[in-house]
*Asks:* 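This is the structure I have questions about; it appears just below.
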Amino acid sequence: MILKMSNIKKSFDGIEVLKDISLHVDQGEVVSIIGPSGSGKSTLLRCATFLETIDSGEISYMDKPAVTTDSSGAARYVGHKEMAQLKEYFSLVFQQFHLFPHRSVLQNIMDAPVKVLKRPKDVVKQEALDLLDKMGLTGRGDAYPYQLSGGQQQRVAIARALAMKPEILFFDEPTSALDPELTGEVLKVIRQLAEEKMTMVVVTHEMPFAKAVSNRVIFMDGGVIVEQGDPKEVFDNPKEERTKQFLRVFER
């Protein structure tokens with residue numbers, strides 16, 4: 001098991017956004033999280049990647065605790081050194097790419113492996129070039145983000161995430177900032193990664209993609225997991241009325 005989250009609770013200004021959520025992700029599994037806006041999907045991802053702190057619950061990577069709950073019911077995070085090691089297990093691809101505009105494509109990909117992981121620059125450079133080939137961006141290493149389309153920028157962001165050699169890759173609605181044509185470019189890359197058994201958690205509103213690529217689909221609403229299971233079962237034969245209502249919108 002790569003990721004385990006147990007009894008996660010998170011509130012903002014007294015409003016409970018995540019209500020006692022538990023989930024796990026196994027090696028090689030692709031888990032898609034779907035649901036309406038405001039259901040807590042992105043907050044759950046941000047808690048899993050420590051961009052938000054949880055109020056209570058437990059999070060572990062590779063059976064190593066990152067967050068536990070003390071006797072008072074409050075979340076307790078491990079120290080800075082242990083957290084830095086745990087963060088090496090995952091990478092996150094954002095909606096808005098978050099590339100450094102003043103750095104070339106190659107520099108964007110190479111920075112973290114060289115500076116954070118302290119890996120040899122020549123080795124990292126070759127791996128970065130190989131990743132650009134894999135993303136269909138051969139020869140674009142010297143370009144700057146403004147010279148690329150949105151789809152190309154998102155593929156650079158995916159290459160940057162993969163350069164860290166994570167055990168698990170998180171995507172937070174990776175196509176929401178793209179038009180339909182560019183969306184296809186990015187989804188093709190994620191499909192390829194799924195075929196290579198890359199462990200992934202994808203928050204997405206692309207229902208056909210979630211159905212085709214996932215091993216498991218989680219439907220969230222109102223800060224809880226309403227339903228989860230095999231994609232075909234969830235999409236073709238949902239058990240919960242709220243899931244049926246949500247999916248009807250995409251059938252029109």
Side-chain angles (χ1 to χ4, degrees), residues 25 29-46 48-49 51 90-101 105 108-109 128 131-141 143-164 166 168-221 228 231-232 234-236 243 246-252:
V25 183
E29 193 175 25
V30 179
V31 178
S32 289
I33 304 177
I34 62 172
S37 297
S39 60
K41 307 184 301 295
S42 290
T43 299
L44 181 63
L45 219 62
R46 290 177 67 82
T49 54
L51 293 174
F90 63 80
S91 289
L92 172 61
V93 178
F94 298 90
Q95 296 179 29
Q96 300 290 344
F97 327 137
H98 289 300
L99 300 176
F100 296 114
V105 164
N108 265 281
I109 297 170
L131 282 168
L132 285 176
D133 289 346
K134 185 173 184 172
M135 298 295 127
L137 294 170
T138 304
R140 301 312 304 270
Y144 284 81
Y146 77 90
Q147 297 173 307
L148 305 178
S149 70
Q152 289 172 327
Q153 289 186 59
Q154 191 61 296
R155 281 181 280 156
V156 172
I158 295 171
R160 179 178 60 182
L162 290 170
M164 294 297 283
I168 182 170
L169 195 52
F170 293 96
F171 292 88
D172 187 7
E173 299 201 10
T175 60
S176 65
L178 305 175
D179 64 39
E181 186 175 3
L182 300 180
T183 291
E185 297 176 5
V186 174
L187 294 183
K188 180 180 178 182
V189 168
I190 302 175
R191 284 175 188 268
Q192 181 184 347
L193 293 173
E195 289 170 4
E196 296 170 2
K197 302 300 182 186
M198 180 74 204
T199 308
M200 295 184 283
V201 176
V202 187
V203 169
T204 184
H205 56 268
E206 299 288 341
M207 298 302 135
F209 167 80
K211 183 178 180 180
V213 174
S214 310
N215 301 106
R216 182 157 45 98
V217 170
I218 293 173
F219 171 62
M220 285 183 64
D221 189 33
Q228 64 176 309
K232 189 166 176 57
V234 173
F235 282 104
D236 295 346
T243 316
F246 175 76
L247 291 174
R248 268 188 219 118
V249 175
F250 292 93
E251 293 169 359
R252 292 172 187 166

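The figures here come from the full heavy-atom set of this structure, side chains too, leaving out hydrogens, waters and symmetry mates. If you read the sequence from its start, that first residue is 1, and numbering goes on from there.
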*Asks:* Hey, could you give me the OG/CG distance between Ser149 and Leu178, rounded to the nearest 0.5 Å?
*Replies:* 8.0 Å
*Asks:* Which residues pass the side chain to side chain contact (heavy atoms under 4.5 Å, CB included) test with Ala157, sequence neighbours left out?
*Replies:* Val93, Leu99, Gln154, Arg160
*Asks:* For Arg155, enumerate each residue passing the salt bridge (Lys or Arg N to Asp or Glu O under 4.0 Å) test, keeping only those at least two apart in sequence or located in another chain.
*Replies:* Glu185
*Asks:* Evaluate the side-chain proximity of Phe209 to Thr175: yes if any heavy-atom separation is below 4.5 Å, no if none is.
*Replies:* no
*Asks:* Could I get the full list of ring-ring contact (aromatic ring centres under 6.0 Å, His included) partners for His98, not counting sequence neighbours?
*Replies:* Phe94
*Asks:* Using every non-hydrogen atom in the two residues, find where Pro166 and Ala161 come nearest and quote the distance to one decimal.
*Replies:* CD-O, 3.4 Å
*Asks:* To the nearest 0.5 Å, how far apart are CD in Glu206 and NZ in Lys211?
*Replies:* 15.0 Å
*Asks:* Between the side chain of Lys41 and the main-chain N/O of Phe219, is any donor-acceptor distance below 3.5 Å?
*Replies:* no
*Asks:* Side chains of Thr49 and Phe90: does their closest heavy-atom pair fall under 4.5 Å?
*Replies:* yes
*Asks:* For the CD atom on Gln147, are there more than 12 heavy atoms of other groups (residues, nucleotides or ligands in this structure) within a distance under 6.0 Å?
*Replies:* yes
*Asks:* Do Ile34 and Phe235 have side-chain heavy atoms sitting under 4.5 Å apart?
*Replies:* yes
*Asks:* Which donor-acceptor pairs under 3.5 Å do the side chains of residues 191-203 make with protein atoms, sequence neighbours left out?
*Replies:*
residue : atom : partner : partner atom : Å
Gln192  : NE2  : Glu196  : OE2          : 3.4
Glu196  : OE1  : Lys134  : NZ           : 2.6
Thr199  : OG1  : Gly28   : N            : 2.7

*Asks:* Evaluate the side-chain proximity of Pro36 to Asp221: yes if any heavy-atom separation is below 4.5 Å, no if none is.
*Replies:* yes
*Asks:* What distance do Ile190 atom CD1 and Leu169 atom CG have between them, rounded to the nearest 0.5 Å?
*Replies:* 8.0 Å
*Asks:* Which residues satisfy the salt bridge (Lys or Arg N to Asp or Glu O under 4.0 Å) test with Glu29, sequence neighbours excluded?
*Replies:* Arg216
*Asks:* Have Thr138 and Asp133 got a donor and an acceptor in their side chains that come within less than 3.5 Å?
*Replies:* yes
*Asks:* Could you list the residues that satisfy side chain to side chain contact (heavy atoms under 4.5 Å, CB included) with Ser176, not counting sequence neighbours?
*Replies:* Gln95, Glu173, His205
*Asks:* Mind checking salt bridge (Lys or Arg N to Asp or Glu O under 4.0 Å) for Arg140 and listing every partner two or more places apart, or none if nothing turns up?
*Replies:* none
*Asks:* Show the nearest heavy-atom pair for residues Leu132 and Gly141, with the distance to one decimal.
*Replies:* CD1-CA, 3.7 Å
*Asks:* Between OG of Ser39 and CD1 of Ile218, what distance do you get to the nearest 0.5 Å?
*Replies:* 11.5 Å
*Asks:* Going by the rule side chain to side chain donor-acceptor pair (under 3.5 Å), which residues pair with Asn215 if we only count those two or more places apart in sequence or in a different chain?
*Replies:* none
*Asks:* Can you list the residues that meet the salt bridge (Lys or Arg N to Asp or Glu O under 4.0 Å) rule with Asp172, with sequence neighbours excluded?
*Replies:* none
*Asks:* Quick one: list whatever passes side chain to side chain contact (heavy atoms under 4.5 Å, CB included) with Ala159, sequence neighbours left out.
*Replies:* Ile109, Leu131, Met135
*Asks:* Kindly write out the residues that satisfy side chain to side chain contact (heavy atoms under 4.5 Å, CB included) with Lys188, not counting sequence neighbours, or none if the list is empty.
*Replies:* none
*Asks:* Which pair of heavy atoms, one from Thr204 and one from Ala210, lies closest together, and at what distance?
*Replies:* CG2-CB, 4.1 Å
*Asks:* Can you list the residues that meet the ring-ring contact (aromatic ring centres under 6.0 Å, His included) rule with Phe171, with sequence neighbours excluded?
*Replies:* none
*Asks:* Test Val25 against Ile168 for side-chain contact (heavy atoms from CB on, under 4.5 Å), laying out the working first.
*Replies:* CA-CA 9 Å; Val25 183; Ile168 182 170; 4.0 Å; yes
